[in-house]
Amino acid sequence: MVAWRGGVGAAVLLACLAAHADPLANLQADRAFLLMRHAHAPGIGDPEHFKLRDCDTQRNLDEQGRNEARAWGRKLRSVPLAGSIQLYSSRWCRALDTATGMDLGPVVEVPALDSFFSERGRSEQATHELKSFVDELPEGQLAVLVTHQVNITALTGIVPASGEALLIALPLTDPPDILARIPPP
């Protein structure tokens, strides 16, 4: 979810995170995006009859998850380019709550980031839609994409922890060039 295309953005972010002993300390990248699994939400999947627009029927963030979202916001606000961060999220409540909990500005809901956990047969199509979305990210902004484990695993082969993020190089390759795995703050 972090797209930097314009040269300076990623270098500044990496320098700032390096100052905080971040795992990105030794990286130098001009173009990347940050792909994040939603923060901690106990359980697996969603209840059988969940409704997309009804958070009471879904698996949601707990206090740990809300704290992780706020911590990610603090971490990303420490970057001088914080004003040019664009948050994109799945329409699932736990992903939206993670993105809004960062308190970094408006969040754009993107169906290509929606979970396909209960529809595993959609993996190839959903991954194609995610790749197409990433290919169209605007230049000159830090893009943070909040999604789900199944989406990240289908794209990268990595099973991320809740609240974990991957810094992925642009343009997207197959397999993606993972610049760093960043644990939840």
Side-chain angles (χ1 to χ4, degrees), residues 1-5 9-10 13 23-24 27 29-41 43-48 50-53 55 58-61 65 68-69 72 76 85-100 102 106-184:
M1 94 104 227
V2 188
W4 285 295
R5 298 181 195 175
L13 174 70
L24 304 178
L27 295 175
D30 290 342
R31 296 166 39 149
F33 70 101
L34 194 62
L35 185 63
M36 173 188 287
R37 182 178 178 188
H38 61 77
H40 191 263
I44 297 173
D46 283 296
E48 189 173 326
F50 88 98
K51 294 180 180 89
L52 186 61
R53 295 294 178 189
C55 295
Q58 297 181 33
R59 184 164 60 95
N60 295 296
L61 300 183
E68 286 172 359
W72 267 109
L76 292 170
I85 292 175
Q86 178 58 61
L87 294 169
Y88 300 97
S89 176
S90 154
R91 297 177 294 172
W92 266 239
C93 295
R94 59 187 171 272
L96 282 168
D97 290 347
T98 298
T100 58
M102 289 185 222
V107 176
V108 177
E109 295 179 30
V110 177
L113 297 171
D114 289 352
S115 175
F116 57 86
F117 182 83
S118 63
E119 300 175 294
R120 300 289 177 116
R122 286 194 61 247
S123 176
E124 190 174 313
Q125 176 188 349
T127 302
H128 174 75
E129 291 168 4
L130 176 57
K131 288 177 178 179
S132 294
F133 176 76
V134 168
D135 286 343
E136 298 299 320
L137 287 170
E139 293 186 15
Q141 70 175 200
L142 170 61
V144 177
L145 284 61
V146 182
T147 189
H148 305 267
Q149 176 268 314
V150 292
N151 302 67
I152 296 170
T153 302
L155 179 66
T156 68
I158 293 171
V159 179
S162 294
E164 182 177 1
L166 304 176
L167 185 64
I168 301 175
L170 288 172
L172 210 57
T173 57
D174 191 15
D177 184 9
I178 309 299
L179 302 173
R181 287 183 73 167
I182 308 166

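Bear in mind that the values here come from a model prediction, so they are computed numbers and not experimental data.
For Pro106, there are no side-chain contact (heavy atoms from CB on, under 4.5 Å) partners two or more places apart in sequence or in a different chain. The ring pair (Phe, Tyr, Trp, His ring centres under 6.0 Å) test applied to Trp72 returns no partner, not counting sequence neighbours. Annotation: side chain to side chain donor-acceptor pair (under 3.5 Å) contacts of Thr153 (sequence neighbours excluded): Gln149. Listed by chain and residue number, Ser123, Lys131, Ala154, Leu155 satisfy the side-chain contact (heavy atoms from CB on, under 4.5 Å) test with Thr127 (two or more places apart in sequence, or in another chain). Residues passing the ring pair (Phe, Tyr, Trp, His ring centres under 6.0 Å) test with Phe117: none are found, sequence neighbours excluded. Under the side-chain contact (heavy atoms from CB on, under 4.5 Å) criterion, Ala126 pairs with Phe116, Arg122, not counting sequence neighbours. Residues satisfying the side chain to side chain donor-acceptor pair (under 3.5 Å) criterion with Glu119, sequence neighbours excluded, are absent altogether. Considering only residues two or more places apart in sequence or on other chains, Glu109 meets the side-chain contact (heavy atoms from CB on, under 4.5 Å) condition with Arg53, Arg91, Leu96. When the salt bridge (Lys or Arg N to Asp or Glu O under 4.0 Å) test is applied to Arg94, the partners found at least two apart in sequence or on another chain are Asp46.
Distance check, rounded to the nearest 0.5 Å: OG of Ser90 to CG of Leu52 gives 7.5 Å. Put simply, CE on Met36 and CD1 on Ile182 are 8.0 Å apart, with the number rounded to the nearest 0.5 Å. Atom CG of Leu35 and atom CG of Leu113 lie 7.5 Å apart (nearest 0.5 Å). A distance of 8.0 Å separates CG in Leu87 from CG in Leu76, rounded to the nearest 0.5 Å. The distance from atom CG of Asp97 to atom CD of Gln58, rounded to the nearest 0.5 Å, is 9.0 Å. Separating the CZ atom in Arg37 from the CD1 atom in Ile158 is a distance of 13.0 Å, to the nearest 0.5 Å.
Sorted by first then second residue, the side-chain hydrogen bond (donor to acceptor under 3.5 Å, both in side chains) pairs that include residues 156-167, not counting sequence neighbours, are Glu164-Arg181. Under the ring pair (Phe, Tyr, Trp, His ring centres under 6.0 Å) criterion, the residue pairs touching residues 138-157 are His38-His148, Trp92-His148, with sequence neighbours excluded.
Side-chain contact between Val150 and Arg120 is present, with at least one heavy-atom pair separated by less than 4.5 Å.
Shortest non-hydrogen contact noted between Ala39 and Leu61 is O-CD2, 3.3 Å. A pairwise comparison of heavy atoms in Val146 and Ala95 identifies CG1-O, 3.6 Å as the closest pair.
Put simply, the side chain of Asn60 never gets that close to the backbone of Ala41: no donor and acceptor are under 3.5 Å apart.
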Name the atoms and distances for all side-chain donor-acceptor pairs under 3.5 Å in residues 166-179, with sequence neighbours left out.
residue: Thr173; atom: OG1; partner: Pro175; partner atom: O; Å: 2.7
residue: Thr173; atom: OG1; partner: Asp177; partner atom: N; Å: 3.4

